[in-house]
*Asks:* 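Take a look at this one; I'll ask things after.
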Amino acid sequence: MTRLTPADGKRPAVARHVALVGTFAPRKCGIATFTTDIFEKLAEFEPGIRVDVYVLNDPAQPANYRDGVKLIDYDDPASYARAAEAINDSGADAVWLQHEYGIYGGDDGILVTDFVDRLAPPLILTPHTVLSDPSDRQAAILRHLVERASRMMVMSRHSRDLLATRYAAPNELIEIVEHGAPDRPFGRQQEFKRRLGIEGRDVLMTFGLLGPGKGVEHVIEALPSIVRRHPSVLYRIVGATHPNLIAQHGEEYREQLKQRVADLDLADHVEWVNRFCETEELLDQLEACDIYITPYPNMQQSTSGTLSYAVALGKAVVSTPYLHASELLEGGVGLLIEPNSSEAIAEAVDGLLDDRDALQTLQENAYAKGRGTIWPCFARAAAKLIDDAAAGPARPVSQVRAPSLDAVLQMSDATGMMQHAVGVVPDRSHGYCQDDNVRALMLMNLASNVSEAERRKWTRIYASFVQDSWNPDAGRFRNFMRFDRTYCEELGSDDSNGRTFWALGQTLEMAAEADMRVWATRWYDETLLHLSELDSPRAMAFLALGAAARLRVEPEHGASRKLLEKVATRLAYLLEVARRPDWVWFEAVLGYDNPRLSQALIESGQLLERAEFTKTGLESLEWIAERQTTASGHFRPIGSESFGHEHQSLPFDQQPLEAQAAIDASLTAWRATGQTVWKKHGRTAWQWFFGANDRGAVLADMATGRCRDGVNPRGVNLNCGAESILAFQLAYHSMLALDLETGDESEGALVGHQQQAGIAFALT
């Protein structure tokens with residue numbers, strides 16, 4: 001349990017920026033009060049934390065919010081999307097979301113799920129209601145929020161345990177931070193009774209938005225017995241009727257209670273304060289009471305701000321054993337009674353008023369307990385929560401040598417490179433795929449930290465996989481192969497076929513052995529006519545990159561020139577028809593390997609001497625680069641969750657393939673323009689591998705050559721699959737070339753310059 005006192009260590013002196021989402025004052029509800037308290041107490045006690053407030057707002061019931069508050073129309077999906085975009089663009093270190101089913105739009109507040117999917121900063125979740133028996137939809141909503149959360153804050157052990165057991169929240173991500181409370185002197189009842197004109201009375205009090213869920217009727221039924229023994233008793237019922245109850249039934253419930261008071265002849269012993277009290281007035285009202293009563297019938301209530309306030313002010317508390325009360329009042333801090341029992345209330349109150357020493361002891365115990373929850377302690381715990389959720393700093397990027405090939409070879413066998421891994425262990429159940437083996441072949445054409453014998457061995461294995469996957473009857477390469485070397489399909493996707501063609505072009509251009517260049521030329525010629533009809537955008541981009549490689553070797557190769565002109569013209573057309581003022585892209589959706597489309601157009605323009613292709617390619621690359629660069633300057637790849645969402649980009653799951661494509665395209669753009677902005681963008685994407693990302697997650701390791709499978713809402717995906725390893729490995733060689741060609745060896749510390757130089761020159 002986090003109960004930090006001001007003397008508990010020191011937090012790092014790091015300026016933080018958090019987006020706070022919830023209801024907010026002047027809205028009259030417990031969540032609004034709590035969210036407002038967070039905002040105000042952080043400003044007072046942790047002024048180094050900048051807080052932006054995003055308020056769930058009902059346009060039909062406008063409120064006069066303070067300046068700077070940003071509104072989210074609670075039932076408008078577009079408003080949530082705009083708010084998420086604003087938060088992402090703000091550079092916030094974290095988003096702290098208050099969750100209650102009733103404050104978000106849609107059935108059970110389901111609109112909150114799409115909202116959190118759009119958030120890039122780490123999510124801190126405070127669920128104010130953790131149901132033990134939710135509906136299916138309620139359970140699904142909270143599980144979704146838990147899956148997206150980097151940290152969770154609850155205010156009771158029960159909520160923590162329920163999150164872990166019922167909603168699969170990892171224990172290490174859950175913090176208990178007790179509800180904050182005011183720091184006021186002890187024992188000032190008589191002073192505040194005089195202020196209210198009730199001196200000489202034994203004051204009982206219940207506070208909150210009035211409704212059947214408060215159990216006030218049970219206290220009223222207990223009063224005749226209490227008053228007979230203690231005639232000076234005054235029961236003060238403080239708070240307006242709940243607005244939802246007013247909307248449905250007006251003041252019917254309050255009038256029923258008043259009638260019962262009249263029937264019991266208790267008018268001189270009950271005082272109604274029928275208004276919503278702001279915090280300072282509420283505290284003054286609490287100070288005037290001797291015994292605070294929370295007779296709530298709902299035993300699942302996990303938090304009560306007023307209970308926390310009453311304890312911190314040193315009030316004797318009589319309460320039913322709902323969750324928050326059971327934990328806060330344990331150890332002699334208060335009295336717990338059975339629910340729905342006026343007899344139990346009367347017995348507890350009479351016992352305290354009969355024994356003034358016991359009453360004083362209970363008040364002192366409460367005050368002592370409250371010292372651990374006063375606002376400075378709460379603010380400190382909240383600041384630590386934000387620190388823990390925020391991404392750590394990126395690690396320095398070392399390029400003193402090429403990444404080890406160990407990770408590649410450990411994923412490979414005599415058949416080829418296996419597709420997936422569980423952690424760092426190859427997963428045979430998923431077998432192999434053409435995409436990974438053509439990437440591995442491309443890497444062997446570039447790698448310098450391998451003996452020639454090893455290069456020949458692995459080049460042949462990967463090339464053999466490519467060769468075997470050709471289906472001459474279909475005129476296509478297959479893609480997926482089981483571990484037993486049987487194929488899962490007769491023809492692979494357009495993209496895998498296009499990527500294979502690109503690899504053949506790269507091999508005939510880059511392979512160290514003449515025999516491998518001859519082999520690649522043969523298969524390039526064999527497959528060109530079959531694959532030239534591929535028409536998906538990425539497949540066409542891969543075809544263009546393969547054809548460009550052939551033309552750099554053989555500038556007069558007519559079939560390659562014709563293919564390059566065809567696919568470049570088609571890509572330029574796609575961009576023209578799909579673009580709109582805010583969307584300079586080839587499709588209405590964003591997918592994977594996005595910068596390849598721009599790269600293909602730029603290379604086409606350069607080789608064909610078509611300035612319009614180069615211009616269009618650069619324009620689209622600038623657009624996607626800007627979209628994948630955050631306000632704070634780090635790389636944010638288009639997440640795979642974006643797939644299928646028109647004119648939108650979602651931040652997760654981020655994958656290494658996108659960072660590699662950005663680096664490769666930056667190298668192409670540098671060669672076309674000589675503009676240093678492309679060196680900068682390439683390095684920004686390279687640093688993503690080493691923690692300069694939305695979670696501070698380090699994915700890549702030069703010593704082993706491994707790369708994790710991506711960045712998800714909670715951090716790094718620990719699996720190290722072939723695609724990720726190869727994306728990192730290939731990205732290194734493009735980054736190396738970019739450093740060498742721009743003459744910047746100091747930043748990359750490229751000790752391997754001499755060994756790599758031949759490869760870098762071959763890339764030019």
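We number each residue from 1, following the sequence as shown.
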*Asks:* Which pairs pass ring-ring contact (aromatic ring centres under 6.0 Å, His included) with one or both residues in residues 36-58, sequence neighbours excluded?
*Replies:*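 The answer is Phe24-Phe39.
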
*Asks:* Are Leu657 and Glu723 close enough that some pair of their side-chain heavy atoms sits under 4.5 Å apart?
*Replies:*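 They are in side-chain contact.
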
*Asks:* Mind checking what makes side chain to side chain contact (heavy atoms under 4.5 Å, CB included) contact with Ala325, not counting sequence neighbours?
*Replies:*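 Applying side chain to side chain contact (heavy atoms under 4.5 Å, CB included) to Ala325 gives Leu307, Ser319, Tyr322, Leu329, Leu336.
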
*Asks:* For the backbone of Ile246 and the side chain of Thr241, can you confirm whether one donor and one acceptor N or O come within less than 3.5 Å of each other?
*Replies:*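 No.
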
*Asks:* Counting N and O atoms only, with roles assigned by atom type, does the side chain of Ser150 sit under 3.5 Å from a partner on the main chain of Pro122, one being a donor and the other an acceptor?
*Replies:*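 Here the side-chain-to-backbone pair does not exist.
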
*Asks:* Apply salt bridge (charged side-chain N to carboxylate O under 4.0 Å, His left out) to Glu622 and list each qualifying residue two or more places apart in sequence or on a separate chain.
*Replies:*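 Scan of Glu622 (salt bridge (charged side-chain N to carboxylate O under 4.0 Å, His left out), adjacent residues dropped) gives none.
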
*Asks:* Can you tell if the side chain of Val711 reaches within under 4.5 Å of the side chain of Leu699, non-hydrogen atoms only?
*Replies:*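 In short, these two side chains touch, coming nearer than 4.5 Å.
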
*Asks:* Between Ile374 and Pro182, is there a side-chain heavy-atom distance shorter than 4.5 Å?
*Replies:*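 No. Closest side-chain heavy atoms not under 4.5 Å.
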
*Asks:* Mind listing the closest non-hydrogen atom pair of Asp593 and Glu658 along with its distance?
*Replies:*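 Of all heavy-atom pairs spanning Asp593 and Glu658, the closest is N-OE1, 2.7 Å.
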
*Asks:* Looking at Asn88 and Ala120, would you say the former's side chain and the latter's main chain have a donor-acceptor pair under 3.5 Å?
*Replies:*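 Checked: pair present.
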
*Asks:* Which atom names give the shortest non-hydrogen contact between Leu245 and Leu210, and what distance separates them?
*Replies:*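 Looking at all heavy atoms of both residues, the shortest contact is CD2-O, 3.9 Å.
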
*Asks:* For Ala78, which residues count as a side chain to side chain contact (heavy atoms under 4.5 Å, CB included) partner, sequence neighbours excluded?
*Replies:*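 With neighbours one apart ignored, the set is Asp76, Arg82.
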
*Asks:* What pair of heavy atoms forms the shortest contact from Gly211 to Tyr253, and how long is it?
*Replies:*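 That would be C-CE2, 3.4 Å.
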
*Asks:* Going by salt bridge (Lys or Arg N to Asp or Glu O under 4.0 Å), name the pairs with one or both residues in residues 110-127, residues two or more places apart or in two chains.
*Replies:*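 Only Asp114-Arg118, Asp117-Arg148 qualify under salt bridge (Lys or Arg N to Asp or Glu O under 4.0 Å).
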
*Asks:* I'd like to check the side-chain hydrogen bond (donor to acceptor under 3.5 Å, both in side chains) partners of Ser308; sequence neighbours left out, ordered by chain and number.
*Replies:*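 With neighbours one apart ignored, the set is empty.
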
*Asks:* Would you please say whether a donor-acceptor pair under 3.5 Å links the side chains of Asp37 and His179?
*Replies:*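 No, no side-chain donor-acceptor pair sits under 3.5 Å.
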
*Asks:* Ignoring hydrogens and angles, tell me if any N or O in the side chain of Gln628 forms a donor-acceptor pair with the backbone of Ile638 under 3.5 Å.
*Replies:*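 Judged by distance alone, yes, a pair lies under 3.5 Å.
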
*Asks:* Under the rule for side-chain hydrogen bond (donor to acceptor under 3.5 Å, both in side chains), what residues qualify as partners of Asp694, not counting sequence neighbours?
*Replies:*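 Result, side-chain hydrogen bond (donor to acceptor under 3.5 Å, both in side chains) vs Asp694: His634, Arg636, Gln654.
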
*Asks:* Side chains of Arg708 and Asn719: do they bring a donor and an acceptor to under 3.5 Å?
*Replies:*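 There is no such pair (donor and acceptor under 3.5 Å, judged by atom type) between the side chains of Arg708 and Asn719.
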
*Asks:* Is a side-chain donor or acceptor of Thr373 paired with a backbone partner of Lys369 at a separation under 3.5 angstrom?
*Replies:*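 Flag not set: sc Thr373 to bb Lys369 has no pair under 3.5 Å.
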
*Asks:* Would you say Leu20 and Asp52 make side-chain contact, with heavy atoms under 4.5 Å?
*Replies:*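 Answer no - side chains too far apart.
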
*Asks:* Between Arg151 and Asp387, is there a salt bridge with N-O shorter than 4.0 Å?
*Replies:*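 No, no charged N to carboxylate O under 4.0 Å.
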
*Asks:* Could you work out, with side chain to side chain contact (heavy atoms under 4.5 Å, CB included) as the rule, every residue matching Tyr101, not counting sequence neighbours?
*Replies:*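 Listed in chain order: His99, Asp108, Leu131, Gln138, Ile141, Leu142.
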
*Asks:* Could you tell me whether a side-chain N or O of Asp73 sits under 3.5 Å from a main-chain N or O of Asp75, the two making a donor and an acceptor?
*Replies:*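 No.
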
*Asks:* Going by side chain to side chain donor-acceptor pair (under 3.5 Å), Glu100 matches just one of Thr23, Thr126, Thr129. Which one?
*Replies:*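 Exactly one pass, corresponding to Thr129.
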
*Asks:* Say whether Ser159 and Ser156, considering side chains only, have a donor N or O and an acceptor N or O under 3.5 Å apart.
*Replies:*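 Yes.
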
*Asks:* Of all the heavy-atom pairs spanning Leu42 and Ala379, show the shortest one and how long it is.
*Replies:*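 What the structure gives for the nearest pair is CD2-O, 3.8 Å.
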
*Asks:* Given the rule in the salt bridge (charged side-chain N to carboxylate O under 4.0 Å, His left out) test, do Arg157 and Glu330 qualify, once you have shown the distances and angles that lead to the verdict?
*Replies:* CA-CA 13 Å; Arg157 295 191 303 273; Glu330 65 186 4; 3.2 Å; yes

*Asks:* Would you check if there is a donor-acceptor pair between the side chains of Gln98 and Thr35 at a distance under 3.5 Å?
*Replies:*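 No.
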
*Asks:* As an exercise, state the distance from CG of Asn244 to NE2 of His249, rounded to the nearest 0.5 Å.
*Replies:*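 If we round to the nearest 0.5 Å, Asn244:CG and His249:NE2 are 10.5 Å apart.
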
*Asks:* Between Asp183 and Arg371, does a salt bridge (charged side-chain N to carboxylate O under 4.0 Å, His left out) hold up when you go through it step by step?
*Replies:* CA-CA 8 Å; Asp183 184 14; Arg371 295 313 84 204; 2.7 Å; yes

*Asks:* Provide the closest heavy-atom pair for Ile293 versus Pro295 in the form atom of the first, atom of the second, distance.
*Replies:*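 Reported closest heavy-atom pair: O-CD, 3.5 Å.
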
*Asks:* Using a strict cut-off of less than 4.0 Å between a Lys/Arg side-chain nitrogen and an Asp/Glu carboxylate oxygen, indicate whether Arg580 and Glu646 qualify as a salt bridge.
*Replies:*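 A salt bridge is absent here (no side-chain N lies under 4.0 Å from a carboxylate O).
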
*Asks:* Considering residues at least two apart in sequence or located in another chain, which fulfil the salt bridge (charged side-chain N to carboxylate O under 4.0 Å, His left out) criterion with Asp133?
*Replies:*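 Salt bridge (charged side-chain N to carboxylate O under 4.0 Å, His left out) list for Asp133, sorted by chain: empty.
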
*Asks:* Give the C-alpha distance, both sets of side-chain angles, the deciding distance and a yes or no for ring pair (Phe, Tyr, Trp, His ring centres under 6.0 Å) between Trp686 and Phe728.
*Replies:* CA-CA 9 Å; Trp686 173 246; Phe728 166 55; 5.6 Å; yes

*Asks:* Evaluate Leu286 against Met205 for side chain to side chain contact (heavy atoms under 4.5 Å, CB included), listing each step before the verdict.
*Replies:* CA-CA 8 Å; Leu286 276 169; Met205 177 178 164; 4.0 Å; yes

*Asks:* Side chains of Gln655 and Asp709 only: does a donor on one sit below 3.5 Å from an acceptor on the other?
*Replies:*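 No, no side-chain donor-acceptor contact under 3.5 Å.
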
*Asks:* Got Val53 and Val55 here, is their nearest side-chain heavy-atom distance under 4.5 Å?
*Replies:*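 In short, these two side chains touch, coming nearer than 4.5 Å.
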
*Asks:* Measure from the side-chain N and O atoms of Glu175 to the backbone N and O of Val154, and report whether any donor-acceptor pair falls under 3.5 Å.
*Replies:*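 Here the side-chain-to-backbone pair does not exist.
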
*Asks:* For Pro121, does its backbone N or O pair with a side-chain atom of Arg695 as donor and acceptor, under 3.5 Å?
*Replies:*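 Yes, the answer is positive, given that a donor and an acceptor are paired below the 3.5 Å cut-off.
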
*Asks:* What I'd like to find out is whether the side chain of Phe378 reaches to under 4.5 Å of the side chain of Ile38, using heavy atoms alone.
*Replies:*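 Yes, close enough: below the 4.5 Å cut-off.
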
*Asks:* May I ask you to test the Val317-Val311 pair for a side-chain heavy-atom distance under 4.5 Å?
*Replies:*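 Yes, their side chains come closer than 4.5 Å.
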
*Asks:* Under 6.0 Å from the CD atom of Gln648, do we count more than 12 heavy atoms belonging to anything else shown?
*Replies:*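 Check passes, neighbour count above 12.
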
*Asks:* Does the pair Glu287/Lys315 count as a salt bridge with the N-to-O cut at 4.0 Å?
*Replies:*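 No, Glu287 and Lys315 are not salt-bridged.
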
*Asks:* What is the minimum heavy-atom distance between Arg254 and Ala240, and which atoms define it?
*Replies:*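 Scanning both residues completely, I find the closest heavy atoms to be NH2-C, 3.5 Å.
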
*Asks:* Taking the side chain from Asp653 and the backbone from Ser640, do they hold a donor-acceptor pair closer than 3.5 Å?
*Replies:*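 No; judged by distance alone, with no hydrogens or angles, the pair does not exist.
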
*Asks:* Can you name the residues that form a salt bridge (charged side-chain N to carboxylate O under 4.0 Å, His left out) with Asp161, not counting sequence neighbours?
*Replies:*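 Partners of Asp161 by the salt bridge (charged side-chain N to carboxylate O under 4.0 Å, His left out) criterion come out as none, since no residue qualifies.
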
*Asks:* I need the full list of ring-ring contact (aromatic ring centres under 6.0 Å, His included) pairs touching residues 116-170, with sequence neighbours left out, sorted by first then second residue.
*Replies:*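 Residue pairs with at least one partner in residues 116-170: Phe34-His128.
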
*Asks:* Keeping Asp93 on the side-chain end and His17 on the backbone end, is there a donor-acceptor pair under 3.5 Å?
*Replies:*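 Yes.
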
*Asks:* Would you say Tyr292 and Thr306 are linked by a side-chain donor-acceptor pair, where the criterion is simply a distance under 3.5 Å?
*Replies:*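 Their side chains do contain a donor-acceptor pair, which is all the 3.5 Å distance test asks for.
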
*Asks:* Only counting residues at least two apart or in another chain, list the ones meeting salt bridge (charged side-chain N to carboxylate O under 4.0 Å, His left out) with Lys28.
*Replies:*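 Partners of Lys28 under the salt bridge (charged side-chain N to carboxylate O under 4.0 Å, His left out) test: none.
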
*Asks:* Could you check Asn594 against Trp585 for side chain to side chain contact (heavy atoms under 4.5 Å, CB included), going step by step and ending with a plain yes or no?
*Replies:* CA-CA 9 Å; Asn594 293 289; Trp585 201 240; 3.7 Å; yes

